[in-house]
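A short worksheet on the structure shown next.
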Protein chains: 2
Amino acid sequence: MARPRAEDYDDKRKAILKTSAELFAEHGFDRASMNQIALGCGVSKALLYHYYANKDALLFDIIRDHLDELIAAVEEGATPEMTGEEMLHGYVLALLDAYRDANAEHKIQINEMKRLPAEQQEELKARERRLVQLFAGALSHAVPQLAEPGSTLLKPVTMSLFGMVNWHYLWFREGGAVSRADYARIATRLILDGARSLAA
Amino acid sequence: MARPRAEDYDDKRKAILKTSAELFAEHGFDRASMNQIALGCGVSKALLYHYYANKDALLFDIIRDHLDELIAAVEEGATPEMTGEEMLHGYVLALLDAYRDANAEHKIQINEMKRLPAEQQEELKARERRLVQLFAGALSHAVPQLAEPGSTLLKPVTMSLFGMVNWHYLWFREGGAVSRADYARIATRLILDGARSLAA
DNA sequence: CCTACCGATCGGTAGG
DNA sequence: CCTACCGATCGGTAGG
């Protein structure tokens, strides 16, 4: 009879993913060795290779899981009956909130994605594009002039918002004078008021 | 008598710096080998080590030179008789313009600085702080409420601007629908109109 | 200014 | 025939 998959297989896989994400974020993908990761996870290197065929697969899975969680969180951040402005704020708040326990994964997404082969990068970039589309949609809803044919504003304004939000990990400190909710309101306000003024 | 320094010493050093910056940006600091860099520069590895004691020194010099050029460019981007708004726009335009021929150096500053020992990082971060101070100063000048005692807005608004501008290299394309000058106006507008609305 | 190497450590795989 | 896991070590390459 075939040996069944261990019942804690998925828990172990998640634990490996979290530990390796922290090591990759701290030391960088190239410098965090498979030996260090195995040691940090309390497993043998051979077991590590049982879960992941190679180091790249580990990196890919970290970023894919992270992006899937961001997309899910953002999609739940707004409802169809909201106004465009409420929707955009809901998305920004949900995204900043999702980053709370995913600082390591966020750094890895930003800094280490380019270590992967082109094909795997493409699969991850498709997820990034989905995330961008959600925000661009809310922005178009909130400031319809941005989406008018001939307007070149939607892309730079959307990317400005991503710049703000994806840059926050470099200066934002938990428990500081500005909370995540505060910054969600600030970022939404900068983008919306600015965009309305630009569109006028 | 001591051997005099070669008359083209500085030219060679700058050429090494530019070539290695491109290799670091393309492959990452850890993967771009000193052998590759020597080959790319058309010099022997031994000559490379004549100019730079080790790989870290090369990385440090790339980022230091880059930051010094950014600070100089930004400082020349505005004059004291300008209004706060003109000053901020002058700074943003100067910074985006300085990035035009420094894409590799910018990527390295963002992605590879943490590979350096803490002491060297600190020296570079001091330069980053000077740059931030220039923008925070112009912002305070343009929207005085941001600098009022008790206000917590100056930092997040300044960092939002840096997020926008430092994120541009991921989406901006030379010769596209939006020029650097266009984006300087957009970013300045988003920040200024948004900040005024927040301060009110 | 070159080439020949070094101590160390890398990602990945062997047999059982 | 599958998956779960070990101690030991592979061929190559890094910075210097």
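Proteins get letters first, then strands, A, B, ... in listed order; numbering begins at 1 in each. Keep in mind it's a predicted model, so treat the numbers as computed, not measured.
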Can you tell me if the side-chain N/O atoms of A/Ser44 get under 4.0 Å from OP1 or OP2 in D/dC5?
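Negative; the distance criterion is not met.
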Give a yes/no on whether any side-chain N or O of A/Lys12 is located under 4.0 angstrom from OP1 or OP2 of D/dC5.
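Result: yes.
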Send over the distance from [X] [atom1] to [N] [atom2], rounded to a whole Å.
X        : N      : atom1 : atom2 : value
B/Tyr52  : D/dG15 : OH    : C1'   : 18 Å
A/Asn35  : D/dC6  : CG    : P     : 14 Å
A/Tyr49  : C/dC10 : OH    : P     : 11 Å
B/Arg115 : D/dG15 : CZ    : C1'   : 16 Å
B/Arg31  : D/dT13 : CZ    : C1'   : 13 Å
B/Leu58  : D/dG15 : CG    : C1'   : 13 Å
B/Leu48  : C/dC1  : CG    : C1'   : 13 Å
A/Phe29  : C/dG11 : CZ    : P     : 8 Å

Looking at B/Arg127, B/Arg13, B/Lys18, which one forms a salt bridge (charged side-chain N to carboxylate O under 4.0 Å, His left out) with B/Asp65?
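Going through the options one by one, the only one that passes is B/Arg13.
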Donor-acceptor contacts, no H, no angles, side chain residues 88-98 of chain A, under 3.5 Å, sequence neighbours left out:
from: A/Asp97; atom 1: OD1; to: A/Arg100; atom 2: NH2; distance (Å): 2.7

Between A/Ala46 and A/Ala32, which is nearer to the 5' end of DNA chain C once each is assigned its nearest nucleotide?
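Looking at the nearest nucleotide for each, A/Ala32 comes out on the 5' side.
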Once you apply a heavy-atom cut-off of 4.0 Å, does A/Asn54 come out as touching a base, just sugar-phosphate, or nothing?
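Sugar-phosphate: the residue A/Asn54, judged by heavy atoms under 4.0 Å, touches backbone atoms but no base.
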Residues 33-41 of chain A side chain polar contacts: donor-acceptor under 3.5 Å, at least two apart:
from: A/Ser33; atom 1: OG; to: A/Asn35; atom 2: N; distance (Å): 3.4
from: A/Ser33; atom 1: OG; to: A/Gln36; atom 2: N; distance (Å): 3.0

Find the runs of at least 3 consecutive base pairs, i with j, i+1 with j-1 and so on, that include DNA chain C, using Watson-Crick or G-U wobble geometry with both distances under 3.5 Å.
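Output for stems: empty, none.
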If you check the A/Leu47 side chain, which of C/dG11, D/dC5, D/dG15 turns out closest?
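My answer, after comparing the listed nucleotides, is D/dC5.
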Considering only C/dG11, D/dG15, D/dC5, which nucleotide approaches the side chain of A/Tyr51 most closely?
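Closest nucleotide to the A/Tyr51 side chain: D/dC5.
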Could you go step by step and tell me if B/Phe162 and B/Phe135 meet the ring-ring contact (aromatic ring centres under 6.0 Å, His included) rule?
CA-CA 9 Å; B/Phe162 267 84; B/Phe135 281 86; 5.2 Å; yes
Please state whether the rings of A/His106 and A/His168 are parallel, tilted or perpendicular, taking 30° and 60° as the class boundaries.
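The arrangement is tilted - the two ring planes meet at 30° to 60°.
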Any donor-acceptor pair under 3.5 Å between the side chain of B/Lys45 and the base of D/dG16?
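Check passes, donor-acceptor contact within cut-off.
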Among side-chain atoms of A/Ser44 and A/Tyr49, is any donor-acceptor pair under 3.5 angstrom?
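No, A/Tyr49 and A/Ser44 have no side-chain donor paired with an acceptor closer than 3.5 Å.
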A/Lys55 (side chain) donor-acceptor with A/Phe29 (main chain) under 3.5 angstrom:
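Yes; judged by distance alone, with no hydrogens or angles, the pair exists.
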